[in-house]
Amino acid sequence: MPTVAPIRDLCRHLGQEVAIRGWLYGKRSGGKIVFLLVRDGTGLCQCVVEAAQTDLFATAVALGQESSLELTGLARPDVRAPGGVELAASSLRILQNATDYPISRKAHGTDFLMEHRHLWLRSPRQAAILRVRHTLIRAARDFFDANGFTLVDTPILSPGAAEGAGTLFPVDFFGAPVYLAQTGQLYLEAAAMALGRVYCFGPTFRAEKSKTRRHLAEFWMIEPEIAFAELPELMDWAEGLVCAMVRAALTERREEFTLLGRNIAALEKIAPPFPRLTYAQAVDLLRDPQLHRQLEQELEADRVRLKECIAELAGLEEQHTRARQGWQQDKLAQQVADLREQIRDLEAQVAQRPVHIEHARNFVWGEDLGGDDETLLSRQFERPVLITEYPRKIKAFYMKPAPGNPDVVLNLDMLAPEGYGEIIGGSQREDDLDALQKRMADEGMHPAPYEWYLDLRRYGTVPHGGFGLGLERTVAWICGLKHIRETIAFPRLMGRIYP
RNA sequence: UCCGGCGUAGCUCAAUGGUAGAGCGGGUGACUGUUAAUCACUAGGUUACAGGUUCGAGCCCUGUCGCCGGAGCCA
């Protein structure tokens, strides 16, 4: 019985008889030869069967895409094989001959792929994203582990809202109305008073009716909470965490980035120190005429690019109608579709940009930074940018006002570069009992459900704070994805719960 | 919730208001080293649904449903 080898390790078995177990990814055949492309989750292997192997050949030719099988043969180097190693098959055990697999190795629309998400995961691109995600999670856990953090799991069912209740999913809890948690933060604060440095990592739920490429109804958040930490230290932790995650992905997931077409050079620039701005500085930047001039130039550049794209599209469409061979036609059709999407995006940008510029020009202190403002700001830097000290009025009750300027709070947001938006939000917490009670009263909050939270300020209160990192947005940014739905195996989006 | 776009074969898309088409995938056959193989033949349709305008509607109008991404909100 030959040993079963993962395809990734086949190069260590050259000249040996080995078995591989997997699924038929693709098949090509000549008259007297058939190539089976087998995937097993570790890699892709070309297996060769020749017509002289009568029975084996007949079986191999009849296999459908995604058939499950165990193939035994001689591992040998061959420059013509993808990966440089192929298997000269000697025996084949079919677990199931699958027929009519719905996802072909051709272009598909997003709706169709989302409807078949359970199968879409098998495609190389989706599997690569899941591997990057895995590495990022592991890197984050290693980072906390190496820095003396304790993992504390916080409850998913929560009695009320830390922020607006309109954004929470209601659940019936033995007849009582409770909600799916949108953060573990308040509980983490309690844990931090017990353990010093803690973090939680789990699913979190937002009932916001957001249908955009940046939003999920259910997403995973990594939240550290640190006793005795004040705002500058929190920024260091946020910066350190993100750098550790990027670094791990760069060392372990080169192949995946190549497959995804990710610009690795942009990722290699992610190193400390990240630019740090206060909200007030960000507002000044938004209102800076120099920024507006730069944006106008970018707008011009986009207009030029748009024209180029439209010209290119005309050429491609011409080629498409003239294409003789089927696969060329298909490929060109795909290119045309991609280009059209690019043109749509560009047109939207060109149309929106003057509005953004006007909005930025007229930005008034006290407004929240909108998605467009964030995009403008993050585009100014090649690294993630930290923005701190937002107006108190637009932020949550638990955030501590800045000493000497009670109009702003000691919060931090991190914006990812390349227009990916906010990946981290956090703050130093209000640790003074009286101040917290007053703020809660101002917000019209009932203190009773929060007595336990107030206790943390009654018994040995210390300065502390933390933040939440949105895993999926981070994965999207690091993988260079257009849409957050590809960053999680089974995305929960507004209006979609299947599969 | 609001704004915009889309809905044609299993998939990706064509089709001035005038006979619903192509490529891929499926099926059959040919081909001994393919790289999304290629070539020939072939089956495949209530044009999302319901009304309306018209001699005639996939196309125009109204409504419904579904999907997409943007705003608000947020990670």
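Naming: A, B, ... by sequence-line order, numbering from 1 per chain.
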For residues 421-428 of chain A, tabulate all N or O donor-acceptor pairs below 3.5 Å that involve a side-chain atom, not counting sequence neighbours.
residue: A:Ser427; atom: OG; partner: A:Arg429; partner atom: NH1; Å: 2.8
residue: A:Gln428; atom: OE1; partner: A:Leu231; partner atom: N; Å: 3.0

>> For the backbone of A:Glu389 and the side chain of A:Asn411, can you confirm whether one donor and one acceptor N or O come within less than 3.5 Å of each other?
In response: yes
> Please give, in whole Å, the distance from B:G4 P to A:Arg213 CZ?
Replying inline: 19 Å
> Which residue, A:Tyr101 or A:Leu37, contacts RNA chain B at a nucleotide closer to its 5' end, judged by nearest heavy atom?
Replying inline: A:Tyr101
> Restricting to pairs with a member in residues 23-44 of chain A, which pass salt bridge (charged side-chain N to carboxylate O under 4.0 Å, His left out), not counting sequence neighbours?
Replying inline: A:Arg39-A:Glu66
> In whole angstrom, what separates A:Leu469's CG from B:A75's P?
Replying inline: 11 Å
>> Counting the atoms with a prime plus P, OP1 and OP2 as sugar-phosphate, which does A:Asp368 contact under 4.0 Å by heavy atoms, base, sugar-phosphate, or nothing?
In response: sugar-phosphate
All N/O pairs under 3.5 Å across the protein-nucleotides 40-49 of chain B interface:
none

> How long is the line joining CG of A:Leu369 and C1' of B:C73, in whole Å?
Replying inline: 14 Å
Do any side-chain atoms of residues 476-483 of chain A form donor-acceptor pairs under 3.5 angstrom with protein atoms, and if so which ones, sequence neighbours left out?
residue: A:Lys482; atom: NZ; partner: A:Glu341; partner atom: OE2; Å: 3.3
residue: A:His483; atom: ND1; partner: A:Arg485; partner atom: N; Å: 2.9

>> Could you tell me how far apart A:Phe205 (CZ) and B:A75 (C1') are, to the nearest whole angstrom?
In response: 14 Å
>> Tell me if the aromatic rings of A:Trp237 and A:Phe149 count as close, with their centers under 6.0 Å from one another.
In response: yes
> Roughly how many Å is it from CG in A:Asp372 to C1' in B:G69, rounded to a whole number?
Replying inline: 13 Å
> A:Gln65 CD to B:G10 C1': how many Å, rounded?
Replying inline: 13 Å
> Are A:Ile156 and A:Leu180 close enough that some pair of their side-chain heavy atoms sits under 4.5 Å apart?
Replying inline: yes
Taking only N/O atoms, report every protein-nucleotides 64-68 of chain B pair under 3.5 Å with atom names and distance.
residue: B:C67; atom: OP1; partner: A:Gly495; partner atom: O; Å: 3.1

> At under 4.0 Å between heavy atoms, what does A:Phe35 touch on the DNA or RNA strands: base, sugar-phosphate, or nothing?
Replying inline: base
> Would you find a donor on one side and an acceptor on the other, under 3.5 Å apart, between the side chain of A:Gln126 and the backbone of A:Ser123?
Replying inline: no
> Which dot-bracket notation, 5' to 3', represents the base pairing of RNA chain B when pairs are defined as Watson-Crick or G-U with both distances under 3.5 Å, crossing pairs as [ ], and inter-strand pairs as |?
Replying inline: (((((((..((((....[..)))).(((((.......))))).....(((((..]....))))))))))))....
